[in-house]
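Quick note on labels: first sequence line is chain A, next is B, and so on, each numbered from 1. For clarity, every value in this text was computed on a predicted model and none was experimentally measured.
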Amino acid sequence: QVQLQESGPGLVKPSETLSLTCTVSGGSITTYFWSWIRQPPEKGLEWIGYFDYSGATYYNPSLRSRLTISVDTSKNQFSLKLSSVTAADTAVYYCARFLGGYRHDYWGQGTLVTVSS
Amino acid sequence: QSVLTQPPSMSAAAGQKVTISCSGSTSNIGNNYVSWYQQFPGTTPKLLIFDNNKRPSGIPDRFSGSKSGTSATLGITGLQTGDEADYYCGTWDGSLSAVVFGGGTKLTVL
């Protein structure tokens, strides 16, 4: 059974960089694709980006200029860095496995990141 | 404004059937598989339907999916109070080169 767990600071100051890590257990991250998705309070889902097993990354065009997704295969982890954050980046951030047919089947429990001074 | 359009809310009586629509374009639904997710308040989204009409293991056959042209539909029969949740559609948009989701539909079971 694949399990994902997000970790990182729950509070980030405006203009700083949001950094989160997703740790995957029960499967290798080199076998599948993996996404970051976020959900602002009381709002819908927004895809942030994904990477494939070759290490190539694909970003939401609206976030691309501020976004970096990286992989640490030795720890079976992948990370998200979003720079120059504002209050609009306040959201629950999820990591998820991304399969063919553009579906996300396994999700982390999500972590709330609040952008505030 | 979401790329995929869903009704913000729907309601139906317990035991009845409801269909939730998801409207898109040839850039997304028209040329790609659609998935549906169920999300209860404060919990993680759960995959309900993938590849337009397939159910993951453990999802009851009360849930069904279909696609026609640039629209997709989630059907739920024999509604139960436990089906009260938010439902999201999702797919790939080739023009945006991005995964896109609908704005979500809040289902109330009367």
For Y33(B), the rest of its hydrophobic cluster, which grows through side-chain links under 4.5 angstrom: none
Is any residue of residues 101-117 of chain A within less than 4.5 Å of chain B by heavy atoms, and which ones? G101(A), Y102(A), R103(A), H104(A), D105(A), W107(A), G108(A), Q109(A)
Going by residue number, which parts of residues 12-33 of chain A are within reach of chain B, meaning a heavy-atom gap below 4.5 Å?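 None at all.
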Segment of [X] engaging chain A (4.5 angstrom heavy-atom cut-off):
| X | value |
| --- | --- |
| T43(B) | backbone |
| T44(B) | both |
| P41(B) | neither |

Verify the neighbour count for atom NZ of K54(B): are there more than 12 heavy atoms of other residues, nucleotides or ligands below 6.0 Å?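 Counting neighbours around NZ of K54(B), more than 12 heavy atoms of other residues, nucleotides or ligands fall under 6.0 Å, so yes.
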Determine, using the 4.5 Å side-chain heavy-atom cutoff (strictly less than), whether F98(A) and V71(A) are members of one ILVMFWY cluster. no
Do V18(B) and L74(B) belong together in a cluster built from hydrophobic side chains that touch within less than 4.5 Å? yes
Looking at CD1 of I37(A) and OH of Y88(B), how far apart are the two atoms once the value is rounded to the nearest 0.5 Å?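 That separation rounds to 11.5 Å.
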Spatial distance of atom CH2 (W92(B)) from atom CH2 (W47(A)) [nearest 0.5 Å]: 4.5 Å
Sub-4.5 Å heavy-atom contacts with chain A: which residues of residues 95-110 of chain B show up? L96(B), S97(B), A98(B), V99(B), F101(B), G103(B)
Counting only heavy atoms closer than 4.5 Å, note whether L99(A) contacts chain B via side chain, backbone, both or neither. neither
